[in-house]
Each structure stands twice: as C-alpha cells, then as structure tokens.
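Let me begin by presenting the structure, written as structure tokens, before commenting on it.
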Amino acid sequence: MSATKVQKEIQALSNRGRAHDLQKFFQTAPGQYGEGDVFLGLTVPQVRLIAKENKAISLKEIEVLISSKFHEVRLCALIIMTLQYKSAKERGEKKKIFDVYMKAMTAGYINNWDLVDVTAPIIGEYLIDTNDPYVLLHKLSKSKSLWQRRVSVVFTFAFIRAGDIEPTFEMAEKLLHDKHDLIHKAVGWALREAGKLNGIALRDFLSAHSHEMPRTMLRYSIEKFSERERRKWLLESKR
C-alpha cells in the first residue's frame, strides 16, 4: 500500500460538479475560512471506503497524503489515522499517531471543520492519560489558528466519552469570547454533549455565563432542553 495508490483511487472518483459545490459549502473563496482549499468532489462515504481498504498504510505514507493539496486526500489520511488509533493496543503506538496528528495540525494541513471533527474526538483520547492535558488544550485555545482553537474544544469529546466533563467546561470558558462563529458552534455542541451526562453542571455553567455567551453558542448548548426552558435561557441571557 502506498500514498500514490490511495491518491489514484481518490482521483479516479473525482466529480467536477460536486467539487464546485463543496468548494462553495466549505467557503474556499478569498477571505473565507477555507480559502484556497481544493476539492475533487468525492462523498464522505466514498472517502471512508478508500480509507478502510487502505488502513494498513504506514504512518510515513499517511504523512504524504496529509500534505496533499486536495481536501479529500487529506480527509482520507486522517480517517486512516483514526482507524489505526482505534486498533492500536500499545500506548506507544497511539503516541506515534498522536504526534503525527499534531505535526499535521501545526503545519496547517488540518484546515477545515470537517477534518477537525472527524478526528479530534478520537485522537483526543490520547490526552486522557497524560499528566496534565490542560497544558496542550490551553495552548491550542490561544492559537491564532482557527482550527487549532477548534481542536482544543473538540479534543474534549474524548473526555466526555470517558465520563469526564470538566475539560469541556474548562475549554468552553477559555473560548467564551472567541470571535469566530465556528468556535461558537463547536463550544455549544460540546456543552450540549456534556449536558447529556450532567444537566445540573450545564445549567450551572449557563447560570454563570449565558449573559456573555455568543448567541449561537448558547443556542447549540441548550438544543436538547424543552422548548420552554430554551426560551427561558434565551430571555435570561439578555438581562
């Protein structure tokens, strides 16, 4: 298995019309958050199938794929990484994958919300057993990179799945005044999921911060509440 083989399989399924639509959807025009990204027009199920068929590829070859100019090639590489991470038995194996992921993120190859969201909840599991995950999470939350800031909160989904909601509330507070809508959505989404485990903790957070939360963040976080309670929080946040 090689990066060249994977690239050829992906390019063979390219669709110009769908690529045009995807470039509009992921806002790749000058000045937009996905500026300069290039799509081939594959569907996510198509990419996932190619990833599954090539999941034994080496990390070295994965790094080649991650540096591709084509969005779907990078997506395929990242999905392969999640598959390898899930099947890794030793922490040493997981560390190698995590390190490659962080290297790719620092290099700017994980550069759209779908690439973050398909990977960070899985790869973030590595942080659970580290001595102090907040060192990295706080560093990412302060980054000038929109995508690193998004990773800082989406990593905490791994903690939620393990029953620990504190990192989510910690990062939500750190990102409370972020200016970007994609951060508002990610934080609200994470708060909503944390609230499924502990509704009291979510309501305590809202009591303390709803008045300063961006509207999108608040709406996402209360999405699973009853209509009556949603109205209550939306009204109280204006006071």
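Counted by atom type alone, Asn112 and Arg74 present zero donor-acceptor pairs between their side chains at under 3.5 Å. A donor-acceptor contact closer than 3.5 angstrom links the side chains of Tyr85 and Glu125. Counting only N and O atoms by type, the side chains of Tyr101 and Thr119 include a donor and acceptor under 3.5 Å apart. Asn111 and His71 share no side-chain donor-acceptor pair at under 3.5 Å. Ser152 and Ser141 share no donor-acceptor pair across their side chains, judged by distance under 3.5 Å alone. Inspection of the Glu61 and Asn54 side chains reveals no N or O donor paired with an N or O acceptor under 3.5 Å.
Residue pairs meeting the side-chain hydrogen bond (donor to acceptor under 3.5 Å, both in side chains) criterion with at least one member in residues 18-36, sequence neighbours excluded, are Tyr33-Trp113.
For Arg192 (side chain) and Arg219 (main-chain N/O), no donor-acceptor pair under 3.5 Å exists by modelled atom type. Side-chain N or O atoms of Ser14 include none that pairs as donor or acceptor with a backbone N or O of Ile10 at under 3.5 Å.
Electrostatic pairing of Lys95 and Asp99 counts as a salt bridge here, judged by a charged N lying under 4.0 Å from a carboxylate O. Salt bridge status for Arg230 with Glu223: absent, with no side-chain N to carboxylate O gap under 4.0 Å. Using a cutoff of 4.0 Å between basic side-chain nitrogens and carboxylate oxygens, Lys89 and Glu93 are not scored as salt-bridged. Contact check on Lys94 versus Glu90 returns no salt bridge, with no Lys/Arg side-chain nitrogen under 4.0 Å from an Asp/Glu carboxylate oxygen. Note on Glu63 versus Lys60: no salt bridge recorded, every NZ/NE/NH1/NH2 to OD/OE distance being 4.0 Å or above.
Annotation: cation-pi geometry not satisfied between Arg150 and Phe155 (NZ/CZ under 6.0 angstrom from ring centroid, within 45° of ring axis).
Minimum heavy-atom separation, Leu176 to His209: CD2-ND1, 3.5 Å.
Residues meeting the ring pair (Phe, Tyr, Trp, His ring centres under 6.0 Å) test with Phe70, sequence neighbours left out: none.
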